[in-house]
Every structure is written in C-alpha cells, then in structure tokens.
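Following this message is one structure expressed as structure tokens.
Quick caveat: nothing in here was measured; it's all calculated off a predicted structure.
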Amino acid sequence: MLRDFVVPKLGHLAVGDVGRQDVANLHHSLREKTYLANPVLALTSKLLNLAEKWGLRPDGSNPCRHVEKLKERTRERYMTSEELSRLTQALAEAETDGRQSVHALAALRLPILTGCRLREILRLRWEHVDFENGRLALPDSKTGAKTVFLATAAQGILAGTPRTLGNPWVIEGRKPCTHLSDLKGPWRRICQRVELENLRIHDLRHSFAAIGAGPGLSLPMIGKLLGHTQPRTTARYAHLAADPMHEAANLIGDRLMAAMGRNSVPRS
C-alpha cells in the first residue's frame, strides 16, 4: 500500500507539509476500491502519528483525523456444499491431467482444510510443520505468531507434497529455493473449469469458518482456529452459529410440548 498508493500521491511532499486535502485526495482516488481505500487511510494516519512522535510534525496535527472512511460493502462469500464439491472435483481433475503443479494444488487445498490465509500457506516453511503433534507453528502471521491445528486431511496434503532437498518452502516455486508468490492464474483456471463465479481464494478461509459454525462450534473456538486476536473479528460468523442453536431450542421445545401433552408448533 505504501509503495503503490501512498508514495505516488504524497511522496513528493515533506512530511510536515502533508495536509488534509492531500490525504482526502489520496483517499478519494481509491473510492472504487473501498477494501483498499480505508486501509490506506489507516496506514497514512499511522505514518503521520509516528511523525508526530518523532518530532517531524506538531502534536495533534495529523490531517487524517477528519477524513471520513468510506462505507465498505460486505465482501464475505461462503461456498455452498455443491460449490465445494465442484471445486474438489476440479482440483482432482487438474491433478490427474497435470495442468497445475502439485504445489499450486496443495496451496489451494490447504486454506480449505486449515482456514489459513493464502499468504500464510505460500510462505510456509517445512520447519513450521509439526507432523508429530499435528500443528503448524507460524512465526509471523497477520496477527503475529500463531499455532494452526491440523485436521488429518490437512496433514495428508502436507505429507503428500513433494519436498526438494535444500528448498525450505512447502509450496515450491519454479526456480530453485523459491516459493510460489501468486496463484491468480491457477485459481482463475480452476474456477472457470467448474463455473464458480465471484469466488476469491480468501473466501476459502470464510468457508472454513462457516463449516465450523454449522455444527455449533463456539465462536471463541472458531476464532482460535483462525488465529483471531479480537472477538469482534470472529463475530461476523455469529449468524452462522445461530442455526444449530435454533435447532437445539426447537428440539427441546418439541420435547417439552410433548411432555405437556401438546403438539409442537408448526415451523416454516
């Protein structure tokens, strides 16, 4: 964000000369990309707060304070069971016909089974994989160091991923001792193959959480699996966790009504 947006717009100014209109223009230039506009504003604000702390600007002069954030559209997308089945089929077919590398396919399967961010998978090193205890020990995720608990299926994917002597990365790149850095091409081809529309790789992480909420796993447990540090981050899945709670309430209610000699109330 700093390289692509902040520096091109503000890099010609001395840090003490950056004003509210400069920040507003930067923010407005990203109005069509709300998922970027507000994080760029937050980054710029952090930079200018540091400038105050280091004596490069007067205290309380941060021009970002009164630039209002854009209203963000919800971008969460969850796969249906049918879509998950189609995606699984497409990955299996791509593996059979050899159109995608085995490492790219592993990188697409692991977010589904672990809820990890793609960046965490692409930068995963073999030294982070603990097969004995079924865990990943990630030293530097988005929220800091975290432990990822591996399902048996995820362990199987990792165990079946080819490992080249001297290459520390799990998801190997084409060049020696490198890792894949981008899966946009393979992902686009996989989605086109089975007509999955408007599905991002990051949505695999959301779907992992949605599947967990379905059978009634608690939100704190889901947050722990995803590596959330703030409860409000996991709260977005609260509506998904409500369905099994309603089912449980209905089950108890039906049994109580039966015990009282009454019929249960019809439900839509």
**Study point:** NE2 on H128 to CZ on R123, rounded to 0.5 Å
**Key:**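 If we round to the nearest 0.5 Å, R123:CZ and H128:NE2 are 11.5 Å apart.
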
Check your understanding: So, for L122 and I171, which heavy atoms are closest and what is the spacing to 0.1 Å?
Key ->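 Taking L122 first and I171 second, the nearest heavy atoms are CD2-CG2, 4.0 Å.
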
Review point. Hey, are the side chains of R189 and Q100 touching, using non-hydrogen atoms and a 4.5 Å cut-off?
Key: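 In contact.
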
Point to revise | Heavy-atom closest pair, residues R65 and G60 | key: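 In this case the closest contact between R65 and G60 is NH2-O, 3.2 Å.
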
Review point. Less than 4.5 Å apart, any side-chain heavy atom of L158 and any of L136?
Key: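 When only atoms from C-beta onward are counted, L136 and L158 do touch, with a gap below 4.5 Å.
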
Review point. Does the side chain of W169 reach to within under 4.5 Å of the side chain of L124, using non-hydrogen atoms?
Key: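 SC-SC contact between W169 and L124 ruled out.
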
Check your understanding: Could you state the interatomic distance from CZ (R163) to NE2 (H103), rounded to the nearest 0.5 Å?
Key ->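 One gets 10.5 Å once the value is rounded to the nearest 0.5 Å.
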
Exercise for review: Examine V170 and V102 and state if one hydrophobic cluster contains both, with Ile, Leu, Val, Met, Phe, Trp and Tyr joined whenever side-chain heavy atoms are less than 4.5 Å apart.
Suggested key: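 No: no chain of side-chain contacts under 4.5 Å links V170 to V102.
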
Review point. Are the side chains of E52 and P58 in touch, meaning some heavy atoms are under 4.5 Å apart?
Key: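 The answer is no; the side chains never approach within 4.5 Å.
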
Practice item. Indicate whether the side chain of N167 and that of H179 have a donor and an acceptor atom separated by less than 3.5 Å. Key: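 No, because no side-chain N or O of N167 sits under 3.5 Å from a partner of the opposite role on H179.
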
Point to revise | T178 side chain to E172 side chain, donor-acceptor N/O pair below 3.5 angstrom | key: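 Per modelled atom types, T178 and E172 side chains form no pair under 3.5 Å.
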
Exercise for review: Provide the closest heavy-atom pair for A107 versus L118 in the form atom of the first, atom of the second, distance.
Suggested key: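 Answer, listing the atom of A107 first, then L118: O-CD1, 4.1 Å.
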
Review point. Are the side chains of T114 and I121 in touch, meaning some heavy atoms are under 4.5 Å apart?
Key: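 Yes - at least one pair of side-chain heavy atoms lies under 4.5 Å apart.
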
Practice item. Specify the closest pair of heavy atoms between I190 and A94, including all atoms of both residues, with the distance to one decimal. Key: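 Here I190 and A94 meet closest at CD1-CB, 3.8 Å.
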
Check your understanding: Where do V18 and P63 come nearest, in terms of heavy atoms and distance?
Key ->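 Closest heavy-atom pair between V18 and P63: O-CG, 3.6 Å.
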
**Study point:** Pairwise distance CG(L2) to CG(L47) - rounded to 0.5 angstrom
**Key:**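 Answer for the CG-CG pair, L2 versus L47, is 6.0 Å.
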
Review point. Just wondering, do L110 and E120 contact through their side chains at under 4.5 Å, heavy atoms?
Key: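 Side chain of E120 against side chain of L110, heavy atoms only: no contact under 4.5 Å found.
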
Point to revise | Within-4.5 Å side-chain heavy-atom neighbours: R31 and L70 | key: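 Heavy-atom side-chain distance check passes, below 4.5 Å.
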
Practice item. Take R57 and D17 through the salt bridge (Lys or Arg N to Asp or Glu O under 4.0 Å) test and state the conclusion after the steps. Key: CA-CA 9 Å; R57 292 182 62 97; D17 294 337; over 6 Å; no

Review point. Should the pair R193-D97 be classified as a salt bridge under the 4.0 Å nitrogen-to-oxygen rule?
Key: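 Yes, this pair counts.
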
**Study point:** Under 3.5 Å: donor-acceptor pair, side chain of R20, backbone of V67
**Key:**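 Answer holds: no.
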
Check your understanding: Can you check whether S29 reaches K9 side chain to side chain, under 4.5 Å on heavy atoms?
Key ->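 In contact.
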
Review point. Does L41 offer a backbone N or O that forms a donor-acceptor pair with the side chain of S45 under 3.5 Å?
Key: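 No.
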
Exercise for review: Might you point out which heavy atoms bring G166 and C177 nearest each other, and give the distance in Å?
Suggested key: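 For G166 versus C177, the nearest heavy atoms are O-SG, 3.4 Å.
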
Point to revise | Distance-only polar pair, side chains of D130 and N133, donor-acceptor under 3.5 Å | key: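 Yes, N133 and D130 have a side-chain donor paired with an acceptor closer than 3.5 Å.
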
